[in-house]
Chemist: 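Handing you a structure now.
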Amino acid sequence: MSVAGQTFTKTADWLDWHPAPVKPTFALPEGAVDAHCHVFGPGEEFPFAPQRKYTPCDASKQQLFDLRDHLGFSRNVVVQATCHGADNSAMVDVLNNAQGLARGVATITEDISDEELQALHQAGVRGVRFNFVKRLVDALPFDSLERIAHRIKSLDWHIVIYFESQDLPELYDFFTSLPTTVVVDHMGRPDVTKPVDGEEFKLFLKLMAENENFWSKVSCPERISVAGPSKQYQDVVPFARAVVENFPDRVLWGTDWPHPNMKSHMPDDGELVNMIPLFAPTAELQQKLLVDNPMRLYWSE
Ligand code: 0GY
């Protein structure tokens, strides 16, 4: 594909998303929200950022809407993917074409104007993402992130943070200084070969327990699992279940479609939905995880 002379050849060993996920046997509650997914391009319409760390396959808004309907979700929260940098136009294009059924999480830099922030809000953006995963981004300095945090607080937005568990100790004090609701991607990427009641995951549970402004997505078993798909990602279940049962009013769930950077295999999104009752075993917990919590965070106005 090419845009104004640029070509977008996907990164070697990049896997395309699953072309035909099963219809889930787990029936989602009415009004369920897929609270973590992305779109990629299409590159011809929405070019990828020059500073990106990978070039993905295309994954368009219509393909996202088709997946939503196939799986039985009602709404999406579209998180800006790092391959688009701070150009939010592909994500905003989803929001503008979703008839109110999608909200967004943007990536911004300090030079954004108040008018641009207002336009993102009008489109349905309700948060910004701070990414600390070194293979994905060159992280912004803390003081810049602090200034962004204070600006978006006035819009009543939240901050989504993405980091890996080994980096939590050094980031802990910065995270707890943030002035807004903070949503952790994928439970802080726990190392599931370590015990669920071990020191490393205890620090994450402490972060959640001692800071009521912290939420967690119980997402991405396919990324976190060491056991893998042949073992149905069972090694992730105790971690997700601990988070849901301890913090039932501050958890979200998402497919993570189209699954950036999955190198070993591509998950079947229908099978990911079928894992939800293992994470949230009662109808009450499922209602909070899939409907009440995301609606409160993203559709309160
Ligand atoms: C995720 C995870 C990843 C990538 C991104 O924006 C992104 O590029 O989020 C990853 O590579 O772990 O949440 O989709």
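Atoms within a ligand are numbered from 1 in the order they appear, just like the ligands themselves.
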Chemist: Before signing off on this row, confirm whether Asn131 and ligand 1 have an N or O atom pair separated by under 3.5 Å.
Modeler: no

Chemist: Closest non-hydrogen protein atom to atom 6 (O) of ligand 1, residue and atom name please, with distance?
Modeler: Thr82 N, 2.8 Å

Chemist: Determine the interplanar angle of the Phe40 and His38 rings, folded into 0 to 90°, and report it as parallel if under 30°, tilted if 30 to 60°, perpendicular if over 60°.
Modeler: parallel

Chemist: Sort out for me which residue in Gln80, His158, Arg126 forms a side chain to side chain contact (heavy atoms under 4.5 Å, CB included) with Val105.
Modeler: His158

Chemist: Tell me whether ligand 1 is touched by His259 - counting only heavy atoms on the residue side and a distance under 4.0 Å.
Modeler: no

Chemist: Closer than 4.0 Å to some heavy atom of Arg135 - which atoms of ligand 1 meet that?
Modeler: 10 (C), 11 (O), 12 (O)

Chemist: Hey, is CD on Gln62 packed in by over 12 heavy atoms from elsewhere, all under 6.0 Å?
Modeler: yes

Chemist: Which protein non-hydrogen atom lies closest to atom 12 (O) of ligand 1, naming both residue and atom, and how far is it?
Modeler: Tyr162 OH, 2.6 Å

Chemist: Between Asp114 and Arg151, is there a side-chain N and carboxylate O pair less than 4.0 Å apart?
Modeler: yes

Chemist: Any idea how Phe175 and Phe214 line up, ring-wise: parallel (<30°), tilted (30 to 60°), or perpendicular (>60°)?
Modeler: tilted

Chemist: Using a cut-off of 6.0 Å, state whether more than 12 heavy atoms not belonging to Lys53 lie near its atom NZ.
Modeler: yes

Chemist: So is there a nitrogen or oxygen of Asp185 less than 3.5 Å from a nitrogen or oxygen in ligand 1?
Modeler: no

Chemist: Are more than 12 heavy atoms, taken from residues, nucleotides or ligands other than Glu284, located less than 6.0 Å from that residue's CD atom?
Modeler: no

Chemist: Within a distance under 4.0 Å of any heavy atom of Arg189, pick out the atoms of ligand 1 and give their elements.
Modeler: 12 (O)

Chemist: Backbone, side chain, both or neither: what part of Met262 comes under 4.0 angstrom of ligand 1, heavy atoms only?
Modeler: neither

Chemist: Residue-level breakdown please: for Lys53 versus ligand 1, do any non-hydrogen atoms fall below 4.0 Å on the side chain, on the backbone, on both, or on neither?
Modeler: neither

Chemist: Arg129 heavy atoms, cut-off 4.0 Å: which ligand 1 atoms fall inside?
Modeler: 1 (C), 5 (C), 6 (O), 7 (C), 9 (O), 13 (O)

Chemist: May I ask you to list the atoms of ligand 1 that are less than 4.0 angstrom from any heavy atom of His186?
Modeler: 1 (C), 13 (O)

Chemist: For ligand 1, note which part of Val79 has a heavy atom under 4.0 Å away: side chain, backbone, both or neither.
Modeler: neither

Chemist: For ligand 1, which atoms, with element, lie under 4.0 Å from some heavy atom of Ala81?
Modeler: 6 (O)

Chemist: Show the numbers, then the answer: is there a salt bridge (charged side-chain N to carboxylate O under 4.0 Å, His left out) between Lys10 and Asp16?
Modeler: CA-CA 10 Å; Lys10 67 181 178 176; Asp16 290 0; 2.5 Å; yes

Chemist: When Trp253 is tested against each of Phe73, Phe279, Trp215 for ring-ring contact (aromatic ring centres under 6.0 Å, His included), which residue passes?
Modeler: Phe73

Chemist: Tell me which part of Asp256 gets within contact of ligand 1: side chain, backbone, both or neither, using heavy atoms under 4.0 Å.
Modeler: side chain

Chemist: Got the closest protein heavy atom to atom 10 (C) of ligand 1, with its distance?
Modeler: Arg223 NH1, 3.4 Å

Chemist: By number and element, which atoms of ligand 1 are closer than 4.0 Å to a non-hydrogen atom of His38?
Modeler: 1 (C), 9 (O), 13 (O), 14 (O)

Chemist: Apply side-chain hydrogen bond (donor to acceptor under 3.5 Å, both in side chains) to Gln63 and Asp66, showing your working.
Modeler: CA-CA 5 Å; Gln63 289 163 326; Asp66 290 347; over 6 Å; no

